[in-house]
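Keep in mind that the numbers below use all heavy atoms, side chains included, and drop hydrogens, waters and symmetry copies. Proteins get letters first, then strands, A, B, ... in listed order; numbering begins at 1 in each.
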There are 2 protein chains.
Amino acid sequence: MTSDRDDGRFSYEGLDRIIHERARLSVLTSLVAHPKGLPFPDLKRLCGLTDGNLSRHLAVLSEAELVSLEKGFSLNRTQTICRMTPTGRRRFIGYLGVLEQVVRDAAVAAERSPEGGVRGLDPATKPA
Amino acid sequence: MTSDRDDGRFSYEGLDRIIHERARLSVLTSLVAHPKGLPFPDLKRLCGLTDGNLSRHLAVLSEAELVSLEKGFSLNRTQTICRMTPTGRRRFIGYLGVLEQVVRDAAVAAERSPEGGVRGLDPATKPA
DNA sequence: CATCATGCTTTGCACCGCAAAGTACCCACC
DNA sequence: GGTGGGTACTTTGCGGTGCAAAGCATGATG
């Protein structure tokens with residue numbers, strides 16, 4: 001059934017641990033959708049994260065140089081603006097390619113076995 | 001910029017922690033591609049996992065009743081056959097829907113900001 | 001001045017992924 | 001029959017991490 005050639009067929013090594021994490025995936029998607037950057041509180045609301053959580057994940061992303069943090073003041077308040085770095089953007093897009101591959105693999109497979117419930121996941125199907 | 005209506009816009013709560021993990025994502029994708037089940041060693045090779053790793057992840061998936069483990073004998077060897085349960089299949093497909101949404105959100109956003117490198121990720125583009 | 005709200009950061013812990021070591025079984029081979 | 005080796009897993013140990021709760025600093029408000 002499975003041949004030697006299939007070794008690692010589904011290993012998906014491109015799923016970078018830094019990126020492949022729900023909260024950080026949220027953050028990065030938010031940031032790629034807002035190329036001019038987002039203030040901490042907006043990001044927090046978009047991602048549905050607590051303060052502490054967002055802070056920690058931003059630290060990780062910043063450490064990995066996937067996002068940059070610009071700390072300043074606005075309306076007499078401290079304000080951190082988060083942006084995606086060019087590196088971050090590149091790596092995120094690479095990651096998305098792998099993610100796309102996962103979805104495609106799974107959709108093809110699920111389609112092939114007839115046990116129903118696969119509507120809208122056929123890779124050739126466009127969403128409504 | 002972001003309105004109240006956007007709260008949680010990118011929170012992706014459907015990214016189930018049990019499923020959203022590289023190794024288990026591998027396992028589930030392998031299993032959905034092999035509806036008749038896979039023996040432990042084949043699964044291990046497909047996913048590029050060590051024995052211990054696969055064992056642990058299977059325990060988690062089995063505990064959550066996303067996969068079933070059938071332990072038996074074949075050719076005088078112990079053999080565990082792993083299958084996806086109907087529940088597992090349903091939940092995995094649900095998860096895939098969310099994953100698809102992530103890819104689509106990100107692709108749209110990345111497309112919209114002009115800084116290049118987005119080839120092949122446009123949601124309207126089919127792979128070659 | 002006290003209180004409350006905002007905008008984060010730090011702490012603490014429980015959980016988890018991973019590799020290495022361990023167990024069980026079977027099969028040669030001498 | 002016993003020893004060595006291979007297959008098929010399971011268990012253990014540990015370093016790392018996500019998360020919530022608590023902490024801290026600043027500014028507005030009564």
Side-chain angles (χ1 to χ4, degrees), chain A residues 1-2 4 7-8 10-13 15-28 30 37-64 66-83, chain B residues 1-2 4 7-8 10-13 15-28 30 37-64 66-83:
Chain A
M1 195 64 157
T2 63
D4 292 355
D7 276 29
F10 295 121
S11 66
Y12 302 125
E13 286 171 34
L15 291 185
D16 187 333
R17 277 188 123 314
I18 304 261
I19 302 181
H20 185 73
E21 172 66 37
R22 198 174 88 177
R24 291 195 290 260
L25 200 45
S26 288
V27 169
L28 293 175
S30 302
L38 281 172
F40 188 102
D42 289 9
L43 194 51
K44 173 183 130 185
R45 284 172 31 243
L46 277 174
C47 299
L49 292 171
T50 61
D51 289 6
N53 244 311
L54 178 55
S55 182
R56 203 130 177 0
H57 289 299
L58 282 180
V60 171
L61 289 170
S62 168
E63 178 72 17
L66 301 185
V67 309
S68 67
L69 304 177
E70 179 192 335
K71 312 199 178 196
F73 287 89
S74 182
L75 286 105
N76 287 337
R77 288 245 153 253
T78 68
Q79 182 173 240
T80 305
I81 300 210
C82 315
R83 274 181 257 274
Chain B
M1 193 64 155
T2 61
D4 292 356
D7 277 28
F10 295 121
S11 67
Y12 302 124
E13 287 170 33
L15 292 185
D16 186 332
R17 281 192 124 302
I18 303 263
I19 301 182
H20 186 72
E21 172 66 38
R22 199 173 87 175
R24 291 194 291 259
L25 200 45
S26 287
V27 169
L28 292 175
S30 301
L38 280 172
F40 188 101
D42 289 10
L43 194 52
K44 174 183 129 185
R45 283 173 32 244
L46 276 174
C47 299
L49 292 171
T50 61
D51 289 6
N53 245 313
L54 178 54
S55 182
R56 203 134 178 358
H57 288 299
L58 281 180
V60 171
L61 290 170
S62 167
E63 179 71 17
L66 301 184
V67 309
S68 66
L69 304 177
E70 179 192 336
K71 312 199 177 195
F73 287 89
S74 182
L75 286 104
N76 287 338
R77 288 244 152 254
T78 67
Q79 181 172 241
T80 305
I81 299 211
C82 315
R83 273 180 258 272

Visitor: If I compare all heavy atoms of B:Arg24 with all of B:Ile18, which pair ends up nearest, and what's the gap?
Guide: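 Taking every non-hydrogen atom into account, NE-O, 2.5 Å.
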Visitor: Rounded to whole angstrom units, what separation is found between the CD atom of A:Glu21 and the P atom of D:dG16?
Guide: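 Rounding to the nearest Å, CD of A:Glu21 and P of D:dG16 are 16 Å apart.
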Visitor: Tell me, please, which residues at least two apart from A:Ala59 pass side-chain contact (heavy atoms from CB on, under 4.5 Å).
Guide: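 Counting only residues at least two positions away or on another chain, A:Ala59 forms no side-chain contact (heavy atoms from CB on, under 4.5 Å).
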Visitor: Between atom NE2 in B:His20 and atom C1' in D:dG18, what is the gap in whole Å?
Guide: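 Rounded to whole Å, this separation is 12 Å.
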Visitor: Can you name the residues that form a side-chain contact (heavy atoms from CB on, under 4.5 Å) with B:Ser26, not counting sequence neighbours?
Guide: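 Once residues adjacent in sequence are excluded, the partners of B:Ser26 under the side-chain contact (heavy atoms from CB on, under 4.5 Å) criterion are A:Tyr12, B:Cys47.
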Visitor: Could you run down nucleotides 4-14 of chain D 5' to 3' and tag each one B, S or - for protein heavy-atom contact under 4.0 Å?
Guide: --BBSBBBB--
Visitor: Give the intermediate values and the outcome of side-chain contact (heavy atoms from CB on, under 4.5 Å) for residues A:Asp51 and A:Lys44.
Guide: CA-CA 7 Å; A:Asp51 289 6; A:Lys44 173 183 130 185; 2.7 Å; yes
Visitor: List in chain and number order the residues that pass side-chain contact (heavy atoms from CB on, under 4.5 Å) with B:Arg77, two or more places apart in sequence or in another chain; answer none if no residue qualifies.
Guide: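 side-chain contact (heavy atoms from CB on, under 4.5 Å) list for B:Arg77, sorted by chain: empty.
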Visitor: Closest nucleotide of DNA chain C for B:Phe73 versus for B:Ile18: which of these residues is on the 5' side?
Guide: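 Final value for this comparison: B:Ile18.
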Visitor: Are B:Arg17 and A:Glu21 ion-paired here, with the side-chain N under 4.0 Å from a carboxylate O?
Guide: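 A salt bridge links B:Arg17 with A:Glu21.
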Visitor: Would you check, one step at a time, whether the test side-chain contact (heavy atoms from CB on, under 4.5 Å) holds for A:Cys82 with A:Val67?
Guide: CA-CA 7 Å; A:Cys82 315; A:Val67 309; 5.5 Å; no
Visitor: What range of DNA chain C does chain A touch, first nucleotide to last, counting atoms under 4.0 Å from its heavy atoms?
Guide: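 First and last nucleotides in contact are C:dT6 to C:dG17.
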Visitor: Tell me, please, which residues at least two apart from B:Pro41 pass side-chain contact (heavy atoms from CB on, under 4.5 Å).
Guide: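 Testing B:Pro41 for side-chain contact (heavy atoms from CB on, under 4.5 Å), a comparison that skips the adjacent residues, returns B:Pro39.
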